[in-house]
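Hydrogens, waters and symmetry mates play no part in the numbers below; they use all other heavy atoms, side chains included.
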Amino acid sequence: MWLKSLVVASLLQVGVVGIAHAKGPFGSVNVGNWIGGAFSNDETGTFSHCAATTPYANGVILVVSQSAAGTWSLAFASPSYRFNKGENAAIDVTFDGQEQARLYATAYQSNMLTAVMPVNVVRTFQKASLMVATAGRAVLNFDLTSTRPVIAALANCVTKVKADGLDKAGDFTKGAAKPAAAAEKQASPPAGGKAARAKSGTGFVVSANGHIVTNNHVIDGCVGDIKGNLTGEAAMVLRIVSSDANNDLALLQAPSTTTFKDFARIRDRSIRSGDSIVAIGFPFHGLLTSDFTVTTGIVSSLSGIRNDSRFLQISAPVQPGNSGGPLFDTTGQVVGVVTGKIPALRIAAATGNIPENINFAIKTGALRDFLDNSVVPYQTAEPKAELKTTDIAGNARPYTMLISCNAAEQDAKK
């Protein structure tokens with residue numbers, strides 16, 4: 001009985017922040033274990049929000065809603081919660097072990113925390129299969145396999161009620177389509193600040209103490225926390241140890257409570273032109289696979305643009321998001337840090353030809369100087385027997401990280 005009462009209370013309250021009473025549901029939303037509908041402000045009788053909720057075995061009830069104004073909210077309710085009204089909490093959510101966001105929640109009632117979901121989080125929420133929510137020491141898992149149709153139904157609910165009124169409310173799961181388009185209609189970021197976009201790249205661990213190498217341009221312009229996570233694992237907040245804009249290198253470090261038994265070794269012998277290489281990273285994160293990608297090629301040249309000897313030119317295809325990732329030889333030793341590709345449009349404008357597979361990596365000489373100056377206990381190794389590409393990728397999995405943050409829009413486009 002308590003469960004039904006709490007579900008009803010959650011549905012009534014989550015979308016009407018600051019309003020003491022709500023009435024409903026009008027019509028229905030029924031998707032999998034999710035139930036809900038439309039609700040009104042009981043004081044004025046006007047439409048306030050559409051919401052749906054489902055209970056989980058971990059004892060938490062998840063509630064998703066969209067207000068009449070188009071704002072999306074996510075709430076966590078439980079009979080075991082004992083919050084002071086008005087209490088605030090930060091909740092870190094990770095979707096499918098990859099994309100992360102920090103939600104700022106408020107307790108509008110003692111047994112529930114409610115947070116506004118930005119539009120980018122709504123899009124990720126509706127397409128993800130698993131969400132891990134972390135608040136303090138509490139870590140909870142939520143199966144999200146039905147969230148795509150739920151988001152669509154709630155968006156349809158708001159649209160129909162605003163057009164036809166509460167008295168004509170019906171089954172909002174019928175005719176619910178294009179949930180992504182509906183989510184896009186949410187209001188813009190608050191006035192007074194620059195629009196923030198997700199920004200990501202790649203990094204790799206170089207010491208048991210959790211030192212992580214990436215490109216300086218990956219973290220340049222980040223606002224708030226910089227996060228890193230290994231494939232399939234929850235994100236951790238990283239701190240900046242040092243950076244070198246001239247050589248495009250940055251050093252991050254995992255929390256002191258984290259240790260790594262697997263980390264990259266740097267090749268202690270020069271690589272040659274024509275040698276085979278393997279690049280690993282997270283290109284176009286959020287559009288392509290949530291796992292890292294692996295590409296192969298050769299060292300095309302031992303210098304970069306205008307004979308810059310700090311760089312290698314490589315033929316392995318790399319894309320935005322590969323930046324900061326490890327470049328391996330065929331024995332699995334690091335021979336460079338992937339840093340970017342030639343600006344194809346500018347070259348095409350100058351020459352009339354579009355260059356193909358001209359990409360660059362920072363040599364280990366510059367990398368080792370940077371690590372030495374930062375007093376990092378990295379390890380080197382001589383090339384050993386050649387490995388299969390699949391083995392190189394498998395060995396790299398425990399220490400190759402997705403690096404992400406929020407940045408001002410112009411910085412996120414780097």
Side-chain angles (χ1 to χ4, degrees), residues 199-206 211-220 226 228 230-231 238 243-252 263-267 270-271 273 275-285 287-289 291-305 308-344 355-371 378 389 392-393 395-397 399-405 413-414:
K199 177 181 180 181
S200 65
T202 307
F204 57 99
V205 183
V206 293
H211 291 97
I212 300 152
V213 169
T214 188
N215 285 148
N216 181 68
H217 76 259
V218 169
I219 64 164
D220 187 34
I226 298 172
L230 303 170
T231 301
L238 308 177
S243 61
D244 181 351
N246 186 49
N247 290 303
D248 197 18
L249 290 169
L251 183 66
L252 309 175
F263 49 88
R265 270 73 173 179
I266 299 172
R267 174 171 164 140
S270 298
I271 197 164
S273 240
D275 280 348
S276 297
I277 44 87
V278 178
I280 294 180
F282 295 89
F284 292 117
H285 183 68
L287 295 176
L288 301 179
T289 175
D291 198 359
F292 60 48
T293 64
V294 182
T295 57
T296 60
I298 63 169
V299 175
S300 305
S301 171
L302 297 178
S303 59
I305 296 175
D308 192 332
S309 61
R310 296 172 299 168
F311 297 91
L312 297 171
Q313 181 184 322
I314 59 176
S315 66
V318 300
Q319 308 295 340
N322 274 108
S323 294
L327 185 73
F328 296 101
D329 64 10
T330 53
T331 73
Q333 313 294 349
V334 170
V335 295
V337 182
V338 175
T339 190
K341 59 193 300 177
I342 200 164
E356 296 182 4
N357 283 353
I358 300 178
N359 309 301
F360 301 99
I362 302 163
K363 288 181 179 178
T364 54
L367 172 60
R368 291 179 64 176
D369 286 345
F370 175 65
L371 294 177
Y378 64 91
T389 302
I392 294 172
N395 292 340
R397 187 175 296 281
Y399 58 76
T400 303
M401 280 191 172
L402 171 71
I403 307 296
S404 61
C405 70
K413 294 178 179 179
K414 291 182 179 179

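When all heavy atoms of T202 and G325 are compared, the closest pair comes out as CG2-CA, 3.5 Å. When all heavy atoms of T330 and S276 are compared, the closest pair comes out as CG2-CB, 3.6 Å. Considering all non-hydrogen atoms of both residues, Y399 and A264 come closest at CE1-CB, 3.6 Å.
Seen from the ring of F263, R265 counts as a face-on cation partner, given the 6.0 Å and 45° thresholds.
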Next on the checklist: Between V299 and V335, is the side-chain contact (heavy atoms from CB on, under 4.5 Å) condition met? List the steps.
Outcome noted: CA-CA 10 Å; V299 175; V335 295; 5.9 Å; no

Starting from the C-alpha separation in whole Å, work towards a yes-or-no answer on side-chain contact (heavy atoms from CB on, under 4.5 Å) for T214 and M401.
-> CA-CA 9 Å; T214 188; M401 280 191 172; over 6 Å; no

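T400 meets the side-chain hydrogen bond (donor to acceptor under 3.5 Å, both in side chains) test with no other residue; sequence neighbours excluded. Residues passing the side chain to side chain contact (heavy atoms under 4.5 Å, CB included) test with A279 are T295, A316, V318, L327, V338, sequence neighbours excluded. By the side chain to side chain contact (heavy atoms under 4.5 Å, CB included) test, F311 pairs with D308, T339, I362, sequence neighbours left out. Shown here are the side chain to side chain contact (heavy atoms under 4.5 Å, CB included) partners of L371, two or more places apart in sequence or in another chain: V206, V213, L251, I266, L367, V376, Y378. Evaluation of the side chain to side chain contact (heavy atoms under 4.5 Å, CB included) rule for S309 yields no partner, not counting sequence neighbours.
For residues 322-338, every residue pair satisfying the salt bridge (charged side-chain N to carboxylate O under 4.0 Å, His left out) rule, not counting sequence neighbours, is listed here: R267-D329.
In this structure, the side chain of D248 engages the main chain of N216 through a donor-acceptor pair within 3.5 Å. One N or O on the side chain of N322 and one on the backbone of Q319 form a donor-acceptor pair closer than 3.5 Å.
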